A.B. asks: 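Below is the structure I would like to discuss, written out as structure tokens.
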Amino acid sequence: MKRLFLLGLALVFAVAVLVLLPKWKQSSDNGGQLPREPFRIAGNLYYVGTRDVTSFLLTGPKGHVLIDGGYPGTAPMILKSIATLGFNIKDVKLLLNSHAHIDHAGGLAALQQASGAQLWVSEADAALVSSGGVSARNMAPVNGLIYLGIMRYPAPRIDHQFRDGAQISLGPIRLTAHVTAGHTPGCTTWAFPVQEGDRELLVVSVGSLSLPMPPSLFNWKYDAALRQELERSYATLRSLPADIYLSSHARAFSLKRKFEERASAPTPVAPFLDRAGYLEDIHKAEVAYHKALQEQQ
């Protein structure tokens, strides 16, 4: 009877895995994201991301640049947003990435296939992108799900790798890569100018200000190398003369509120001119970092 019970239990578990695994995989592939109306932020810069996970399109006469690919399951939303704005995905010549997690790199392979674009990835994040997201900085259960294929994303073709300070150009479009490591080893903040009327504005799209992992989980430690990365990143970010503040997540820079404020603002770009909010968020991130250091002592 005991053997029959165990056999039945194993059978129920196997059926549950077969039924739930595809649904879990589907859920992890889109992260619960919903579409967001695409719009022009300033100059030749457009928002083409989802409700929270951002993607930005820079358009130019020699072709376009797309920053971040979202989840594997949200690539169709990005493609639709680009088309809704009247642009052709085939004119996207460069793909860039903020960091190698599934919600920002997961859709790169599909977008690369649709566009034929060249993908640039930081040297320090290249291995993560090539592996579909496996990292020593992930929690062990996360890496387990990645190895099982549940949270693994399709690995795109990496055409070029860059280091901190690299400048990447496409016609008049010029972007500077600031490797602001911490969230991932090669987490990248992109800075670039846009022309809005008679003003040149510096856009800074922050890779991520989130800490890689709370110390309370699995007794995780912020070692000397990671502390150095984070402290250098905060200093780098503070030094950038940001006019327009963006990030890899819409909630991080209050996209919903700023989008709604456009209707009553003096100009549509005005709500996005937020250096004060940019500096405040860097300060909050540093405070959270020092609190995390105290927790591990």
Side-chain angles (χ1 to χ4, degrees), residues 31 33-34 36-58 65 67-68 70 81 96-99 101 103-104 164 175-184 187-212 214 229-292:
Q33 291 297 303
L34 296 172
R36 179 182 288 278
E37 176 187 351
F39 66 97
R40 187 177 73 88
I41 298 173
N44 61 329
L45 171 65
Y46 297 83
Y47 186 83
V48 293
T50 59
R51 190 70 59 88
D52 181 57
V53 178
T54 64
S55 292
F56 303 103
L57 183 71
L58 274 168
V65 178
I67 302 175
D68 268 352
S81 291
L96 306 178
N97 180 228
S98 63
H99 59 278
H101 289 158
D103 49 344
H104 307 285
D164 179 48
L175 304 101
T176 301
H178 299 279
V179 176
T180 46
H183 190 63
T184 65
C187 184
T188 303
T189 292
W190 294 100
F192 49 92
V194 296
Q195 193 70 32
E196 176 67 14
D198 59 355
R199 300 178 64 189
E200 184 177 85
L201 303 171
L202 181 67
V203 180
V204 176
S205 183
V206 178
S208 180
L209 287 169
S210 299
L211 295 171
E229 283 181 2
L230 288 164
E231 288 161 11
R232 180 183 179 277
S233 294
Y234 297 138
T236 295
L237 290 168
R238 195 177 292 105
S239 73
L240 300 178
D243 295 308
I244 294 177
Y245 165 36
L246 305 175
S247 184
S248 56
H249 283 275
R251 65 181 181 274
F253 62 100
S254 305
L255 174 62
K256 182 177 184 293
R257 173 179 61 78
K258 290 174 180 177
F259 176 79
E260 292 171 349
E261 289 175 355
R262 294 164 76 245
S264 57
T267 64
V269 72
F272 291 91
L273 301 175
D274 189 18
R275 178 162 179 77
Y278 171 73
L279 293 174
E280 181 182 358
D281 284 352
I282 296 169
H283 173 70
K284 288 179 180 177
E286 284 187 291
V287 169
Y289 161 64
H290 287 295
K291 181 181 178 181

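It should be emphasised that the depicted structure is a prediction, and the values quoted were computed from it without experimental measurement. Computed over heavy atoms, backbone and side chain alike; hydrogens, waters and symmetry mates excluded.
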A.B. asks: For the pair Phe272 and Phe39, name the ring-plane relationship: parallel under 30°, tilted 30 to 60°, perpendicular over 60°.
C.D. replies: tilted
A.B. asks: If you look at every heavy atom in Phe56 and Ser205, which pair is closest and at what distance?
C.D. replies: CE1-OG, 3.7 Å
A.B. asks: Verify whether one side chain among Ser208 and Ser248 offers a donor that lies under 3.5 Å from an acceptor in the other.
C.D. replies: no
A.B. asks: Write down the atom of Leu230, the atom of Leu211, and the distance for their closest heavy-atom approach.
C.D. replies: CD1-CD2, 4.1 Å
A.B. asks: Minimum heavy-atom separation for Leu209 and Leu237, please, with both atom names.
C.D. replies: CD2-CD1, 3.5 Å
A.B. asks: Taking atom types as modelled, is there a side-chain donor on Glu231 or Tyr289 under 3.5 Å from an acceptor on the other?
C.D. replies: yes
A.B. asks: Taking the ring of His249 and the ring of His104, is the distance between their centroids below 6.0 Å?
C.D. replies: yes
A.B. asks: Kindly give the heavy-atom pair with the smallest separation between Ile244 and Ala42, and that separation in Å.
C.D. replies: CD1-CB, 3.8 Å
A.B. asks: Which residues pass the side-chain hydrogen bond (donor to acceptor under 3.5 Å, both in side chains) test with Ser98, not counting sequence neighbours?
C.D. replies: Asp68
A.B. asks: Checking side chain to side chain donor-acceptor pair (under 3.5 Å) between Asp52 and each of Arg36, Arg251, Gln33, which is the one that passes?
C.D. replies: Arg251
A.B. asks: If the threshold is 4.0 Å, N to carboxylate O, is there a salt bridge linking Arg232 and Asp164?
C.D. replies: yes
A.B. asks: Suppose the criterion is salt bridge (charged side-chain N to carboxylate O under 4.0 Å, His left out): which pairs have a residue in residues 189-201, not counting sequence neighbours?
C.D. replies: Arg40-Glu196
A.B. asks: Give me the atom names and distance for the closest heavy-atom approach of Leu201 to Val269.
C.D. replies: CD1-CG2, 4.2 Å
